[in-house]
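Structure, as structure tokens:
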2 protein chains.
Amino acid sequence: MKITIADIARMANVSKATVSRVINNKPEGVSKETRENILRIIKESGFQPSMVARGLVTKKTKSIGLIITDIANSFYPLLVRGVEDYANKYGYSLFLCNSDNNPEKEKGYINAFIEKSVDGVILSSSMNETSFHYNILKSKNIPLVVLDRCVEGDQYDASVFFDNTKGAYIAANYLVNRGHKKIVFISGPKSLIISRHRLDGYCMALEEKNIEIDEDIIVEGDFQFDSGYNRIIELLDKGKEFTAIFACNDLMAIGAIMALKSRNIEVPKQVEIIGFDNVDISRYIEPQLSTVGQPAYEMGVEGAKQLIKLIEGKKISNKDIILKPNLVLRETTI
Amino acid sequence: MKITIADIARMANVSKATVSRVINNKPEGVSKETRENILRIIKESGFQPSMVARGLVTKKTKSIGLIITDIANSFYPLLVRGVEDYANKYGYSLFLCNSDNNPEKEKGYINAFIEKSVDGVILSSSMNETSFHYNILKSKNIPLVVLDRCVEGDQYDASVFFDNTKGAYIAANYLVNRGHKKIVFISGPKSLIISRHRLDGYCMALEEKNIEIDEDIIVEGDFQFDSGYNRIIELLDKGKEFTAIFACNDLMAIGAIMALKSRNIEVPKQVEIIGFDNVDISRYIEPQLSTVGQPAYEMGVEGAKQLIKLIEGKKISNKDIILKPNLVLRETTI
DNA sequence: TTGAAAGCGATACCAA
DNA sequence: TTGGTATCGCTTTCAA
């Protein structure tokens with residue numbers, strides 16, 4: 001039998017209203033003695049107020065929804081950790097969902113969030129367009145923070161982005177400054193905005209030094225190990241020449257390393273490589289991967305911070321937070 | 001303005017009860033026309049029933065709580081994915097929490113789950129003892145499924161375990177059959193039950209072949225990369241002889257490989273190594289790590305399956321599911 | 001400082 | 001096939 005506020009009220013010989021004041025820490029409206037007495041009874045009885053009953057009247061559930069594409073994708077665990085840590089600190093629970101880049105699934109999750117009356121949602125969308133979600137959430141007064149991906153003119157209440165263009169730029173720039181002229185670019189799926197941004201950064205760095213952009217060594221992967229491996233094997237088989245590789249994520253970079261190794265090409269002596277993400281694995285492979293660090297944990301924290309401000313009606317100083325990349329030089333570069 | 005069941009009732013010229021019947025798909029009690037009419041109005045108005053109001057009366061929230069130690073720990077993402085996939089299929093949302101092996105944090109999360117009236121909880125506990133949680137959850141009628149870790153005599157409604165003893169046994173047995181007599185055992189924290197189980201498996205394999213157990217080469221790590229690295233360096237510095245290593249997780253095994261490499265000891269030619277977990281990384285390092293596969297995704301799925309059966313009052317055929325290990329032989333063994 | 005009562009948005013029982 | 005109404009556990013006026 002669950003024990004309710006009415007039970008506590010009866011046991012303490014007061015009204016429900018008084019008990020309510022106590023469990024909500026209302027400073028006034030209840031004498032010291034009654035408060036202490038009620039507190040004691042609550043403790044002894046192990047009473048815990050029901051958030052669902054409370055939620056029905058306050059319209060707050062102290063829970064937030066987070067949609068990512070796939071927690072098994074190495075970039076996300078830290079991001080999720082960042083969100084969870086911050087949310088927990090402020091008393092919020094986190095609903096976690098994996099969209100698998102499937103817009104239908106994503107919509108389903110947004111609907112579930114609405115039905116469950118989450119206080120806010122954080123979305124690392126698989127769609128390049130969040131206006132649809134924004135509008136439906138808006139109509140229910142649920143704030144939306146988008147992470148990581150987006151397009152100009154998109155709609156949301158706040159965002160945390162990573163400066164992808166700059167990230168690619170500093171990597172390519174490093175390579176260019178080392179004297180490389182033939183730098184393979186292994187892109188993510190071209191349909192993604194971030195892929196375009198990173199390509200921009202790559203091109204910027206080359207153009208700055210008047211290096212011709214060779215379309216033949218700009219190839220498309222899918223962020224998986226195998227695509228990095230295969231693209232490099234293909235280039236090698238076609239006899240394309242190159243002395244450096246910039247891959248749009250670490251997994252593809254590692255695939256590239258393996259491809260090179262299988263052809264007895266030495267890294268970094270013959271080919272230098274830089275990846276993107278700074279995933280855990282990159283420290284454990286050999287040679288250790290140089291990469292562009294994406295502060296995933298920080299992104300999670302900042303996202304949660306933005307969202308909770310929005311939920312609690314506080315002003316957010318800047319709607320769009322842009323996180324800076326950092327180049328982590330290890331052993332695949334000289 | 002949120003639209004409620006009362007609004008729909010008014011618009012359809014029926015009572016709330018009728019609308020309720022429709023949104024809950026009650027087969028009888030409403031004529032075809034009224035049903036269709038109500039459905040149409042619901043669609044047009046974009047009405048979505050509030051789970052919190054519903055939860056107040058039904059005592060079901062269609063959400064479950066999951067506590068793991070740390071999502072950033074490479075074993076968990078797949079586990080979580082398994083839970084989420086299965087839960088989602090049955091309409092449940094998942095609260096994710098990271099306990100960091102901190103019993104106080106764990107209790108805090110359990111309390112939050114109770115306040116939020118989750119329908120059930122899945123726990124991969126940091127404590128070797130779940131009775132405390134079990135009792136408090138029991139009193140609120142919330143089923144508990146424990147994963148991965150436990151001790152005999154512990155209390156829970158169902159469990160999914162991995163046969164750790166057998167896992168360690170098949171690894172050690174493989175090594176023993178290859179002729180090794182000096183096999184280093186890198187344990188996890190000794191305070192953990194799984195560490196003891198794995199040590200048991202290791203000892204069983206050696207004893208079966210009458211190989212003496214040398215306490216000097218049984219060392220304790222903390223599941224982190226560095227501990228694997230350091231323990232091996234220490235053994236090397238002490239001049240201990242060994243020809244194989246069995247590490248209680250992949251990260252420590254990889255640390256061991258790196259330690260060996262730093263001393264120019266060849267793997268697997270001079271020392272063979274087997275890890276535990278079959279984490280993603282193990283395929284990307286060189287040489288690729290041989291390891292004992294823990295079916296993390298399957299564990300998540302089975303856990304969710306057990307829990308949902310419990311929640312929905314279905315009989316569970318066996319309270320304790322034991323998942324079998326599989327030896328994944330790659331390049332650190334011959 | 002305290003209490004009585006209305007109301008949040010659904011479900012569910014009992015009548016009609 | 002329908003509707004009226006009590007109810008779930010809490011918050012929140014308003015009055016005492």
Side-chain angles (χ1 to χ4, degrees), chain A residues 1-39 41-42 45-63 112 114-119 140-142, chain B residues 1-39 41-42 45-63 91 114-119 140-142:
Chain A
M1 212 54 244
K2 197 171 184 330
I3 156 167
T4 76
I5 199 176
D7 299 322
I8 302 294
R10 204 175 314 115
M11 293 161 80
N13 265 313
V14 293
S15 72
K16 292 192 296 174
T18 303
V19 178
S20 176
R21 287 184 191 105
V22 171
I23 60 185
N24 288 294
N25 288 311
K26 301 257 191 243
E28 41 195 84
V30 52
S31 75
K32 202 167 168 225
E33 302 122 55
T34 11
R35 163 164 279 130
E36 279 168 2
N37 186 239
I38 292 174
L39 248 18
I41 294 180
I42 287 178
S45 61
F47 164 74
Q48 287 180 270
S50 154
M51 278 299 301
V52 2
R54 175 179 292 167
L56 188 55
V57 16
T58 62
K59 306 298 169 213
K60 292 288 171 218
T61 55
K62 279 282 180 180
S63 60
I114 291 173
E115 289 189 354
K116 301 220 162 112
S117 305
V118 299
D119 294 340
K140 315 283 177 182
N141 249 305
I142 300 174
Chain B
M1 212 55 243
K2 198 171 185 329
I3 156 166
T4 77
I5 199 174
D7 300 322
I8 302 294
R10 203 176 314 116
M11 293 162 79
N13 266 312
V14 295
S15 71
K16 292 190 298 174
T18 303
V19 178
S20 177
R21 286 183 193 104
V22 171
I23 61 185
N24 287 294
N25 288 313
K26 301 255 189 248
E28 40 195 84
V30 53
S31 75
K32 204 166 168 231
E33 303 122 56
T34 7
R35 164 163 281 135
E36 279 167 2
N37 185 240
I38 292 175
L39 249 18
I41 294 180
I42 287 177
S45 62
F47 164 72
Q48 286 179 272
S50 154
M51 279 296 302
V52 2
R54 176 180 290 166
L56 188 56
V57 16
T58 62
K59 308 294 167 214
K60 292 287 170 218
T61 54
K62 280 283 182 177
S63 59
I114 291 173
E115 290 188 354
K116 302 222 161 108
S117 305
V118 298
D119 294 341
K140 316 282 177 181
N141 249 305
I142 301 175

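Numbers restart at 1 for each chain; the letters A, B, ... are given by sequence-line order, proteins then strands. Predicted, not measured: the structure shown is a model, and the values here were computed from it.
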Practice item. Starting at the 5' end of nucleotides 10-16 of chain C, put B wherever the base has a protein heavy atom under 4.0 Å, S where only the sugar-phosphate does, and a dash everywhere else. Key: BBBB---

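- In this structure, A/Asp7 reaches neither bases nor backbone, as no heavy-atom distance under 4.0 Å exists between it and the strands shown.
- Scored by the side chain to side chain donor-acceptor pair (under 3.5 Å) test, B/Ser15 finds B/Thr18 as partners (sequence neighbours excluded).
- In this structure, A/Ser45 and A/Ile8 approach most closely via the heavy-atom pair OG-CD1, 3.4 Å.
- By the side chain to side chain donor-acceptor pair (under 3.5 Å) test, A/Thr34 is found to be paired with A/Ser31, residues two or more places apart in sequence or in another chain being considered.
- The side chain to side chain donor-acceptor pair (under 3.5 Å) check on A/Glu115 picks up nothing, with sequence neighbours excluded.
- Between the CZ atom of B/Arg10 and the C1' atom of D/dG4 there is a distance of 16 Å, given to the nearest Å.
- In this structure, B/Arg35 has no salt bridge (Lys or Arg N to Asp or Glu O under 4.0 Å) partners at least two apart in sequence or on a different chain.
- Regarding A/Asn25, its CG atom lies at a distance of 13 Å from the P atom of D/dT12, rounded to whole Å.
- Every residue meeting the side chain to side chain contact (heavy atoms under 4.5 Å, CB included) condition with B/Asn37, not counting sequence neighbours, appears here in chain and number order: B/Ala12, B/Arg40, B/Ile41.
- One end of the helix from C/dT1-D/dA16 to C/dA16-D/dT1 points its axis 40° away from the other end's axis, with each axis taken from 5 pairs and the angle rounded to 10°.
- Of all non-hydrogen atoms in B/Ile23 and B/Ile5, the two that sit nearest each other are CD1-CD1, 4.0 Å.
- Contacts of B/Lys116 classified as side chain to side chain donor-acceptor pair (under 3.5 Å), with partners at least two apart in sequence or in another chain: A/Ser93.
- Residue-level contact check: B/Val52 touches neither bases nor backbone, having no heavy atom under 4.0 Å from any strand.
- Considering every non-hydrogen atom in both B/Asn24 and B/Ser20, the closest pair reads ND2-O, 2.9 Å.
- For B/Leu56, the side chain to side chain contact (heavy atoms under 4.5 Å, CB included) test picks out A/Val52, A/Ala53, A/Leu56, with sequence neighbours left out.
- Taking atom CD1 on A/Ile38 and atom P on C/dT1, their separation rounds to 13 Å, with Å as the unit.
- The interatomic distance linking B/Met51 (CE) with C/dC8 (C1') rounds to 16 Å, in whole Å.
- Rounded to whole angstrom, the span from the CG atom of B/Leu56 across to the C1' atom of C/dG9 amounts to 9 Å.
- Proximity of residues 30-37 of chain B to DNA chain D (heavy atom under 4.0 angstrom from any strand atom) is restricted to B/Val30, B/Ser31, B/Thr34.
- In this structure, A/Lys59 has no side chain to side chain contact (heavy atoms under 4.5 Å, CB included) partners at least two apart in sequence or on a different chain.
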